[in-house]
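The structure under discussion appears below in the form of structure tokens.
Count residues from 1 along the sequence. Computed over heavy atoms, backbone and side chain alike; hydrogens, waters and symmetry mates excluded.
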Amino acid sequence: MRLPWYTVGLQHLKSYNYLPTECEQMQVICDRISRVYSSGLEELVQKFLEMLGKLNRAYLTGLEEKVLSVLESEIRV
């Protein structure tokens, strides 16, 4: 199961003034989260992935990266 997609009007979007490279980095993170996320995961893991998806920065901390990598290897993405 993938995270739901919603359509939002431009007038409701907040600009974070990301650089193009930051947008690309955020897309990579989003793609990784989407590949791992499923309804069959434990609730804590789902919540962790949901919170990663809500971050307002274009990078993961070292610990966040490690945890996401472990999830990817456990789920065999």
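Summarising the geometry, atom CD belonging to E24 is positioned 6.5 Å from atom OG1 belonging to T21; distances are rounded to the nearest 0.5 Å. With rounding to the nearest 0.5 Å, the separation of CD in Q25 from CG in L19 is 9.0 Å. To the nearest 0.5 Å, the span separating CG on L55 from OG1 on T61 amounts to 8.5 Å.
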Audit row: L49, L71, side chain to side chain contact (heavy atoms under 4.5 Å, CB included) steps and yes/no: CA-CA 10 Å; L49 293 171; L71 291 173; 3.9 Å; yes

Going through the distances and angles, do L60 and L52 end up as a side chain to side chain contact (heavy atoms under 4.5 Å, CB included)? CA-CA 8 Å; L60 298 176; L52 282 185; 3.8 Å; yes

Taking it one step at a time, do L41 and S38 satisfy side chain to side chain contact (heavy atoms under 4.5 Å, CB included)? CA-CA 6 Å; L41 294 173; S38 79; 3.6 Å; yes

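Between Y37 and E50, the side chains place a donor N or O and an acceptor N or O closer than 3.5 Å (distance only, hydrogens not considered).
Under the 4.5 Å side-chain heavy-atom criterion for ILVMFWY residues, no single connected hydrophobic cluster contains both V67 and Y59. Criterion: ILVMFWY side-chain heavy atoms under 4.5 Å apart, direct or through other members. Under it, V28 and I33 are not part of a common hydrophobic cluster.
The minimum heavy-atom distance between S69 and R32, with the atom names listed, is OG-NH2, 3.5 Å. Scanning both residues, L68 and V36, for their nearest heavy atoms gives CD1-CG2, 4.4 Å.
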